[in-house]
Number of protein chains: 2
Amino acid sequence: MALGTDYPRQDCGIARSLEVVGERWTLLILRDCFLGVRRFSDFEAHLDISKAVLTARLEALVSAGLLTRVGRGHASYELTPEAIDLWPVLHGLAQWGDRLTSPGRPRRTFHHVGHGAECGLLGGDGRCTACGTAPLPSDIETRPGPGADPTLRDDPVSRALRAPHRLLEPLVTR
Amino acid sequence: MALGTDYPRQDCGIARSLEVVGERWTLLILRDCFLGVRRFSDFEAHLDISKAVLTARLEALVSAGLLTRVGRGHASYELTPEAIDLWPVLHGLAQWGDRLTSPGRPRRTFHHVGHGAECGLLGGDGRCTACGTAPLPSDIETRPGPGADPTLRDDPVSRALRAPHRLLEPLVTR
DNA sequence: TCTCTTTGGTCTGTTGATCGAACCAGAAGG
DNA sequence: CCTTCTGGTTCGATCAACAGACCAAAGAGA
């Protein structure tokens, strides 16, 4: 763990979490993984992040056991079950940030889809407003919400994400 | 917002959240607020943080509307409703970090207490395992868990937190 | 197979954030 | 009024982030 990123004398689960996902960019990289981003160049195009920092973060996430690197050479990065467990936290942060800065107009919405058919919208507590269950990421579809700003960026990842997309499914960017 | 702390071209609620609570120490300061810490010197004693950074973080949280500064001079800092809304995220992070690094032995446990009487333990989803509801922080009591390390630190805040304590109630440290 | 382009990085100099320690003004207590 | 404590500010040193140049290996095409 690099200097300045850990909290060695905090006996607390939050501190342990932040040592893994608390650095700048790390949670946005994981968000992109949930949205289906897999490749170095796609992370780079979608986040305005320097290559050196992206390299360091991906390595840290792999060695923390949150990502696995698949294939030699031009690899792809995939979420491990431990990382998928973080979904409620990421969803909670997205909801809280939207409520705080864009009330009533979320930038992105998440929907429970069963076996093909849509069930309902996900509420602030991560539960489906129709059936009341808390669906797994693999049963969630995401779409741009009413607060989205389509003029903000125009990279291949952002373009692909303007269509509805199921979480964890690889994005097709070309 | 200081340079290097925001994500201006990310059209996403998570990015908006991280601009407010994503800096080093910020979430641990808010955690301490939920645990009842109110005063500058108590934050300083409980977190190993430099005074300059603590001053900057408290100011940023006040101007973001997450803390209010009560009283001139030797003030105390209190959570606003917007900050209390963050509780599910903090609880999720605590659970995830404990599961990842200390499985089966959480460092701190949270319990639903109704009107005086205890109802049940809070599970990973923030719901009471006895009654199934998601209690507000004011109806939650916290205690050190089986994974706690009582030898790690010995400041007044840590000592006060070795006894059961209701969230948001001011801690008595002397 | 050979060449060309793309991908997935590394390296470098500069800028910004964090740190520990010393210092200090105003509040609280006597 | 005097003393102590609290809640900071200031300073120099160290550490991390950034933009941009550079580069080796993988993949695509002829």
Side-chain angles (χ1 to χ4, degrees), chain A residues 1-10 15 18-19 21-29 32-33 37-63 67-78 155-157 170-174, chain B residues 1-10 15 18-19 21-29 32 37-63 67-78 155-157 170-171 173-174:
Chain A
M1 207 103 17
L3 245 156
T5 69
D6 58 349
Y7 305 95
R9 292 176 47 74
Q10 292 294 316
L18 294 178
E19 288 173 348
V21 300
E23 283 180 288
R24 184 159 159 79
W25 296 112
T26 301
L27 282 173
L28 294 184
I29 291 171
D32 274 12
C33 292
V37 177
R38 295 280 114 107
R39 307 186 54 166
F40 190 95
S41 56
D42 283 339
F43 289 113
E44 196 195 355
H46 192 222
L47 308 163
D48 297 307
I49 182 177
S50 85
K51 290 174 156 198
V53 175
L54 179 56
T55 302
R57 292 296 182 276
L58 289 172
E59 265 172 23
L61 285 168
V62 168
S63 79
L67 292 182
T68 50
R69 190 197 165 108
V70 178
R72 289 190 302 289
H74 297 177
S76 79
Y77 296 89
E78 300 194 358
D155 57 85
V157 175
L171 264 188
V172 185
T173 53
R174 104 208 52 232
Chain B
M1 203 101 20
L3 246 154
T5 70
D6 57 350
Y7 305 94
R9 292 176 45 75
Q10 292 294 314
L18 293 178
E19 288 173 348
V21 299
E23 283 180 290
R24 184 160 162 78
W25 297 113
T26 302
L27 281 173
L28 295 184
I29 290 171
D32 274 12
V37 176
R38 295 279 114 109
R39 307 187 52 164
F40 190 96
S41 55
D42 284 339
F43 290 113
E44 195 195 354
H46 192 223
L47 306 163
D48 298 307
I49 183 177
S50 86
K51 290 176 158 196
V53 175
L54 179 56
T55 301
R57 293 294 183 276
L58 289 173
E59 266 172 22
L61 285 168
V62 168
S63 78
L67 293 182
T68 50
R69 189 195 168 109
V70 179
R72 289 191 302 289
H74 297 177
S76 78
Y77 296 89
E78 300 194 357
D155 56 86
V157 176
L171 264 187
T173 53
R174 98 207 59 231

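FYI, side chains are in, hydrogens and waters are out, and symmetry mates aren't considered; it's all heavy atoms of this structure.
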Looking at [X], I'd like to know whether one of its side-chain N or O atoms comes within less than 4.0 Å of OP1 or OP2 on [N].
| X | N | result |
| --- | --- | --- |
| A:W25 | D:dC18 | yes |
| A:Y77 | C:dG9 | yes |
| B:S41 | D:dG7 | yes |
| B:R69 | D:dG8 | yes |
| B:R24 | D:dA16 | no |
| B:S50 | C:dA21 | no |
| A:R39 | C:dT6 | no |

What's the [atom1]-[atom2] distance between [X] and [N], to the nearest Å?
| X | N | atom1 | atom2 | value |
| --- | --- | --- | --- | --- |
| A:L54 | C:dG9 | CG | P | 8 Å |
| B:R57 | C:dC19 | CZ | P | 8 Å |
| B:L58 | D:dG7 | CG | P | 11 Å |
| B:E59 | D:dG7 | CD | P | 14 Å |
| A:L47 | D:dC18 | CG | C1' | 15 Å |
| B:L28 | C:dT18 | CG | P | 13 Å |
| B:K51 | D:dC11 | NZ | P | 16 Å |
| A:F40 | D:dG27 | CZ | P | 17 Å |

Would you say that [X] contacts [Y] through its side chain, given a criterion of any heavy-atom pair below 4.5 Å between the two side chains?
| X | Y | answer |
| --- | --- | --- |
| B:I29 | B:F43 | yes |
| B:F40 | B:H74 | no |
| A:L171 | A:D42 | no |

Tell me if a side-chain donor or acceptor on B:R9 pairs with a main-chain N or O of A:H46 at a distance below 3.5 Å. no

Please tell me whether A:Y77 and A:R38 have a donor and an acceptor in their side chains that are separated by less than 3.5 angstrom. no

Regarding A:A52, tell me which of base, sugar-phosphate or nothing describes its non-hydrogen contacts under 4.0 Å with the strands shown. base

Using a 4.0 Å heavy-atom cut-off across all strands, classify B:F43 as base, sugar-phosphate, or nothing. nothing

Can you tell which of C:dT10, C:dA28, D:dA17 lies closest to the side chain of A:E23? D:dA17

